[in-house]
Visitor: 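Please find one structure pasted underneath; my questions will follow.
Values below: every heavy atom of this structure, side chains too, minus hydrogens, waters and symmetry copies.
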Amino acid sequence: MIRFILLQNRQGKTRLAKYYVPLEDSEKHKVEYEVHRLVVNRDPKFTNFVEFRTHKVIYRRYAGLFFSICVDITDNELVYLECIHLFVEILDHFFSNVCELDLVFNFHKVYLILDEFILAGELQETSKKIGLRRPQSSVVYNTSTSSTSSWSRAKKCPGLHACRVSVLVRQRRPSSAQISCITAS
């Protein structure tokens, strides 16, 4: 069973933390600090598996980020190493060349992908296609009902365009300049 998942940069800043066992906030900060010290100071020629308290931490470094998963001591390390790699592939495909800033500014999407991928501390889905299906459909729905930043994307899709126009008409209030133009004509 997965105890927690951490995404940390080289400076120790935690970019994503998901705990599947209850811990106090002070204990969470302590665990994040200890895992960071354990993983960052480790020589790259050693394995990516480290004993941590009564569990194991499996980690992998991608660019400046460390993806760490803490699991039971009896779990298979290679499965979770592949799990980390699959999660990174899904993030990379979803954000098209993911970087740390994507994770910071779109953390809600990252949690959505993670929740689709891992459920209650157990690996739920191992297919990249299926793992991407629901988050992509959710993002299409959210962009069609939120701000105008994705208006240009909506113009490319004729099916979404008609829906987008009606949503924007309902959400936006006309400005005073638009009101004066309407009353003048």
Visitor: Tell me yes or no: between the side chains of His93 and Glu89, is some donor less than 3.5 Å from an acceptor?
Guide: no
Visitor: Could you pull out the closest heavy-atom pair between Tyr20 and Gly121, with the gap in Å?
Guide: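 Smallest interatomic distance, heavy atoms only, reads CD2-N, 3.2 Å.
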Visitor: Looking at Tyr33, I'd like to know if its OH atom is crowded, meaning that more than 12 non-hydrogen atoms belonging to other residues, nucleotides or ligands lie closer than 6.0 Å.
Guide: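 Count not over threshold, so no.
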Visitor: Please say whether more than 12 non-hydrogen atoms of neighbouring residues, nucleotides or ligands are located less than 6.0 Å from CD in Glu122.
Guide: yes
Visitor: Using 0.5 Å steps for rounding, measure from the CE atom of Met1 to the CD1 atom of Ile118.
Guide: 11.0 Å
Visitor: Look at atom CD of Glu82 and say whether more than 12 heavy atoms of other residues, nucleotides or ligands are closer to it than 6.0 Å.
Guide: no
Visitor: Give me the ring orientation class for Tyr59 and Phe66: parallel if the planes are under 30° apart, tilted from 30 to 60°, perpendicular past 60°.
Guide: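 Aromatic pair Tyr59/Phe66 classed tilted.
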Visitor: Do the side chains of Leu91 and Ile113 get nearer than 4.5 Å, heavy atoms only?
Guide: yes
Visitor: May I have the step-by-step check of side chain to side chain contact (heavy atoms under 4.5 Å, CB included) for Phe95 and Lys109, ending in yes or no?
Guide: CA-CA 10 Å; Phe95 290 109; Lys109 295 176 186 174; 4.2 Å; yes
Visitor: Let's go through Tyr62 and Val98 carefully: what are the C-alpha distance in whole Å and the side-chain angles of both, what is the deciding distance for side chain to side chain contact (heavy atoms under 4.5 Å, CB included) to 0.1 Å, and is it a yes or a no?
Guide: CA-CA 11 Å; Tyr62 288 95; Val98 68; over 6 Å; no
Visitor: Side chain of Gln8, backbone of Glu32: donor and acceptor closer than 3.5 Å?
Guide: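 Pair found, side chain donor or acceptor close to backbone of Glu32.
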Visitor: Flag the pair Lys28 and Glu34 as a salt bridge only when some basic side-chain nitrogen lies within less than 4.0 angstrom of an acidic carboxylate oxygen.
Guide: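 Looking at Lys28 and Glu34, the cut-off is not met.
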Visitor: Apply the test side chain to side chain contact (heavy atoms under 4.5 Å, CB included) to residues Cys83 and Leu86: give CA-CA distance (whole Å), side-chain angles for both, the deciding distance (0.1 Å), then the verdict.
Guide: CA-CA 5 Å; Cys83 173; Leu86 181 61; 5.8 Å; no
Visitor: With rounding to the nearest 0.5 Å, note down the distance linking CG in Leu6 to NZ in Lys18.
Guide: 12.5 Å
Visitor: Answer whether the closest heavy-atom distance between the side chains of Gln124 and Glu116 falls below 4.5 Å.
Guide: no
Visitor: Hey, does His55 have a side-chain heavy atom less than 4.5 Å from the side chain of Ile73?
Guide: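 They are not in contact (no side-chain heavy atoms under 4.5 Å apart), so the answer is no.
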Visitor: Give me each pair satisfying salt bridge (charged side-chain N to carboxylate O under 4.0 Å, His left out) with a member in residues 1-14, each pair once, sequence neighbours excluded.
Guide: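 Pairs touching residues 1-14 that pass the test: Arg3-Asp72.
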Visitor: Is there side-chain contact between Phe87 and Ile5, with at least one heavy-atom pair below 4.5 Å?
Guide: no
Visitor: Without swapping roles, check the side chain of His36 against the backbone of Gly12 for a donor-acceptor pair under 3.5 Å.
Guide: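 Side chain of His36 to backbone of Gly12, a donor-acceptor pair under 3.5 Å: yes, one is there.
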Visitor: Who are the ring pair (Phe, Tyr, Trp, His ring centres under 6.0 Å) partners of Phe107, not counting sequence neighbours?
Guide: none
Visitor: Do the side chains of Leu123 and Phe117 get nearer than 4.5 Å, heavy atoms only?
Guide: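 Yes; the side chains approach each other to less than 4.5 Å.
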Visitor: Could you walk me through whether Leu103 and Leu16 pass the side chain to side chain contact (heavy atoms under 4.5 Å, CB included) check?
Guide: CA-CA 8 Å; Leu103 303 177; Leu16 175 116; over 6 Å; no
Visitor: Taking ring pair (Phe, Tyr, Trp, His ring centres under 6.0 Å) as the test, write out the residues that go with Tyr19, two or more places apart.
Guide: Phe4
Visitor: Would you confirm whether Lys56, through its side chain, and Glu51, through its main-chain N or O, come within 3.5 Å as a donor-acceptor pair?
Guide: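 Pair absent, no side-chain N/O of Lys56 close to backbone of Glu51.
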Visitor: When you measure from the side chain of Asp92 to the backbone of Val88, do you find a donor-acceptor pair of N or O atoms at a distance under 3.5 Å?
Guide: no
